[in-house]
Amino acid sequence: MNDIQKLHELILNSRRTVFFGGAGVSTESGIPDFRSTGGLYSLRYKYPPEQIISHSFYIDQPEEFFRFYRDKMLAPAAQPNPAHTKLAQMEKAGLLSAVITQNIDGLHQLAGSKNVLELHGSVHRNYCEACGKFYSLEDIMSMPLVPLCECGGRIKPDVVLYEEPLNQNTVQCAVRQIAEAQLLIIGGTSLAVYPAAGLINYFEGSDIVIINASPTSADRRASLLIAGRIGEVLGSIKI
Ligand code: NAD
């Protein structure tokens, strides 16, 4: 049996399956991740990306923050790839309980996934820091570099920046999903960003599958390890 057949069997035999993913899920949609060659961390900026997308930098240097954010973190034309599509099909077929993602691009929902837990928020939600008014990504795209509300307040993307806490409700839902899963599929993530990466430690089920282009710290815990492109791998499962 090859790895794709093994994965297929594990999914069909699992009572409850959860997917945990990151930026690598969207690279085949043309959105760069952080840590691959060619990822955002390999590019040279005036400041390191970790510093630019931190809360203090957002407060102190909003123009520089939004320049990077708009150039590198928004991809309004990106479309779901076969990984997003297959996960949505699995949910529809009753074979997937939840997608837990570190991504902020909204591509899982665009592919049709309903139960998506966004640990790091979404570029599609933006709020005025003064009056709380909601703005869509389209609204932000048509605004000046630092987006301002009609009340004059600054509009902040609902994205978790470094130094900011995760939404506790989302974390609790993710922990519950992982703790109750029998099969946990992890893919497209370096598992280097905490606390998100630590959530997989709540898994008490029987099998972990890892589908990733490069090694991760959880590889030794996997009963099935597939080194490859997640769109190609998930796309080739017949569900
Ligand atoms: P990361 O950049 O640290 O790691 C990505 C991992 O995915 C790497 O191990 C890489 O080898 C692997 N990978 C890349 N392309 C792949 C593919 N096609 N198939 C399988 N594996 C592939 O990303 P991370 O672990 O998600 O953590 C970094 C942070 O990046 C997250 O907090 C996330 O919010 C943020 N981020 C999100 C997006 C997005 O929303 N699309 C893009 C960039 C960064």
Side-chain angles (χ1 to χ4, degrees), residues 3-4 7 19-43 45 48-55 58 68-87 99-111 113 116-126 137 157-167 170-171 174 185-200 209-219 222 224-237:
D3 284 349
I4 303 292
L7 175 57
F19 179 80
F20 180 94
V25 174
S26 292
T27 54
E28 287 161 82
S29 294
I31 304 179
D33 63 7
F34 278 175
R35 288 178 182 78
S36 293
T37 317
L40 295 184
Y41 283 5
S42 69
L43 308 174
Y45 290 98
E50 298 97 315
Q51 190 180 343
I52 303 178
I53 50 177
S54 68
H55 182 78
Y58 165 79
F68 180 90
Y69 179 76
R70 286 176 181 278
D71 281 357
K72 300 294 170 196
M73 301 187 70
L74 296 183
Q79 291 299 313
N81 66 53
H84 301 103
T85 306
K86 188 54 56 91
L87 290 166
V99 167
I100 302 169
T101 184
Q102 299 163 83
N103 291 350
I104 55 176
D105 54 34
L107 289 182
H108 285 294
Q109 291 91 333
L110 195 56
S113 286
V116 182
L117 298 168
E118 295 173 313
L119 294 171
H120 293 159
S122 173
V123 299
H124 292 277
R125 297 185 297 270
N126 304 273
L137 176 57
D158 185 15
V159 162
V160 180
L161 303 175
Y162 285 102
E163 306 164 353
E164 291 180 345
L166 272 52
N167 178 300
T170 309
V171 170
I185 304 174
I186 300 173
T189 173
S190 62
L191 294 175
V193 176
Y194 282 80
L199 298 185
I200 64 164
V209 174
I210 298 184
I211 309 165
N212 210 60
S214 57
T216 78
S217 54
D219 287 1
L224 178 59
L225 185 59
I226 305 180
R229 287 157 64 85
I230 191 161
E232 290 173 10
V233 172
L234 289 182
S236 53
I237 306 173

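Order of appearance sets the numbers: ligands from 1, and atoms from 1 within every ligand.
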Participant: What closest approach, in Å, do N212 and G188 show between heavy atoms, and which atom pair accounts for it?
Facilitator: OD1-N, 2.9 Å
Participant: Using heavy atoms and a 4.0 Å limit, tell me yes or no: is G231 in contact with ligand 1?
Facilitator: no
Participant: Which atoms of ligand 1 sit under 4.0 Å from any heavy atom of D105?
Facilitator: 39 (C), 40 (O), 41 (N)
Participant: Nearest 0.5 Å, please: how far is CD1 in I186 from CG in L191?
Facilitator: 5.5 Å
Participant: With a 4.0 Å cut-off on heavy atoms, is P215 touching ligand 1?
Facilitator: no
Participant: Could you state the interatomic distance from CG (D158) to CG (N167), rounded to the nearest 0.5 Å?
Facilitator: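 If I round to the nearest 0.5 Å, the distance is 8.0 Å.
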Participant: Among all protein heavy atoms in this structure, tell me which lies nearest to atom 4 (O) of ligand 1, with the distance rounded to 0.1 Å.
Facilitator: S190 N, 3.3 Å
Participant: Over all heavy atoms of both residues, which pair between G106 and E118 is shortest? Give the atoms and the distance, please.
Facilitator: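 Looks like CA-OE2, 4.4 Å.
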Participant: Measure the distance from atom 10 (C) of ligand 1 to every protein heavy atom, then report the residue, atom name and distance (to 0.1 Å) of the closest one.
Facilitator: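 Protein heavy atom with the smallest distance to atom 10 (C) of ligand 1: S36 OG, 3.5 Å.
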Participant: What protein heavy atom lies closest to atom 40 (O) of ligand 1? Include the residue and the distance to one decimal.
Facilitator: I104 N, 2.8 Å
Participant: Which atom names give the shortest non-hydrogen contact between A83 and V25, and what distance separates them?
Facilitator: CB-CG1, 4.3 Å
Participant: Counting only N and O atoms by type, is there a donor-acceptor contact under 3.5 Å from the side chain of Q109 to the main-chain atoms of V116?
Facilitator: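 Looks like no, no N/O pair under 3.5 Å.
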Participant: Under 3.5 Å between some N or O of ligand 1 and some N or O of I211?
Facilitator: no
Participant: Taking all heavy atoms of Q102 and all of H120, pick out the closest pair and write down the distance.
Facilitator: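 Of all heavy-atom pairs spanning Q102 and H120, the closest is O-ND1, 3.3 Å.
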Participant: Got a donor-acceptor contact below 3.5 angstrom from the S29 side chain to the Q79 backbone?
Facilitator: yes
Participant: What protein heavy atom sits nearest atom 14 (C) of ligand 1, and how far off is it?
Facilitator: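 The protein heavy atom lying closest is D33 OD2, 3.2 Å.
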Participant: Can you tell me which residue and heavy atom of the protein come closest to atom 17 (C) of ligand 1, and the distance to 0.1 Å?
Facilitator: G24 O, 3.3 Å
Participant: Would you find a donor on one side and an acceptor on the other, under 3.5 Å apart, between the side chain of N81 and the backbone of T27?
Facilitator: no
Participant: Just go through M73, E118, Q102, E28 and tell me whose heavy atom is the nearest to atom 18 (N) of ligand 1.
Facilitator: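 Result: the heavy atom closest to atom 18 (N) of ligand 1 is in E28.
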Participant: Can you name the atoms of ligand 1, numbered from 1 with element, that are less than 4.0 Å from a heavy atom of S26?
Facilitator: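 What qualifies from ligand 1 is 41 (N).
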Participant: For a side chain to side chain contact (heavy atoms under 4.5 Å, CB included) check, start with the C-alpha distance between Q51 and Y162, then their side-chain angles and the critical distance, and finish with the verdict.
Facilitator: CA-CA 8 Å; Q51 190 180 343; Y162 285 102; over 6 Å; no
Participant: For residues L110 and P80, report the shortest heavy-atom separation together with the two atoms involved.
Facilitator: CD2-CD, 3.7 Å
Participant: Apply side chain to side chain contact (heavy atoms under 4.5 Å, CB included) to the pair H84 and S26, showing each step before the final yes or no.
Facilitator: CA-CA 8 Å; H84 301 103; S26 292; 3.3 Å; yes
Participant: Just which atoms of ligand 1 are under 4.0 Å from any heavy atom in G188?
Facilitator: 5 (C), 6 (C), 7 (O), 21 (N)
Participant: I'd like to check which ligand 1 atoms, numbered from 1 as shown, lie under 4.0 Å from a non-hydrogen atom of P32.
Facilitator: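 So the atoms of ligand 1 that pass are 42 (C), 43 (C).
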Participant: Quick one: does any side-chain atom of H124 pair with a main-chain N or O of D105 as donor and acceptor, under 3.5 Å?
Facilitator: yes
Participant: Quick one: look up the protein heavy atom nearest atom 19 (N) of ligand 1 and list residue, atom name and how far away it is.
Facilitator: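 The protein heavy atom lying closest is I230 N, 2.8 Å.
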Participant: At a 4.0 Å threshold, what atoms of ligand 1 neighbour a non-hydrogen atom of I31?
Facilitator: 41 (N)
Participant: Report yes if some N/O of G22 lies less than 3.5 Å from some N/O of ligand 1; otherwise report no.
Facilitator: no
Participant: What atoms of ligand 1 come within less than 4.0 Å of a heavy atom belonging to S214?
Facilitator: 8 (C), 9 (O), 10 (C), 11 (O)
Participant: Is there a nitrogen or oxygen of F34 sitting under 3.5 Å from a nitrogen or oxygen of ligand 1?
Facilitator: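 So ligand 1 has an N or O lying under 3.5 Å from an N or O of F34.
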Participant: Give the atoms of ligand 1, by number and element, whose distance to some non-hydrogen atom of A23 is under 4.0 Å.
Facilitator: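 Answer for ligand 1: 23 (O), 24 (P), 26 (O), 36 (N), 37 (C), 38 (C), 42 (C), 43 (C), 44 (C).
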Participant: Which heavy atom of the protein is the closest neighbour of atom 12 (C) of ligand 1, given with residue, atom name and distance?
Facilitator: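 The closest heavy atom on the protein side is N212 OD1, 3.6 Å.
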Participant: Could you check whether any heavy atom of A196 sits closer than 4.0 Å to an atom of ligand 1, since that is the contact criterion I want to use?
Facilitator: no
Participant: Check each atom of ligand 1 against the heavy atoms of V193 and keep those under 4.0 Å away; list them by number with element.
Facilitator: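 Ligand 1 atoms under the 4.0 Å threshold to V193: 27 (O), 28 (C).
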Participant: Over all heavy atoms of both residues, which pair between L119 and A196 is shortest? Give the atoms and the distance, please.
Facilitator: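 Smallest interatomic distance, heavy atoms only, reads CD1-CB, 3.9 Å.
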Participant: How far is atom 25 (O) of ligand 1 from its nearest protein heavy atom, and which residue and atom name does that atom have?
Facilitator: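 Protein heavy atom at minimum distance: T189 OG1, 2.7 Å.
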Participant: Select the closest option to atom 32 (O) of ligand 1 among E50, H120, H108, E232, judged by heavy-atom distance.
Facilitator: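 Heavy atom nearest to atom 32 (O) of ligand 1 belongs to H120.
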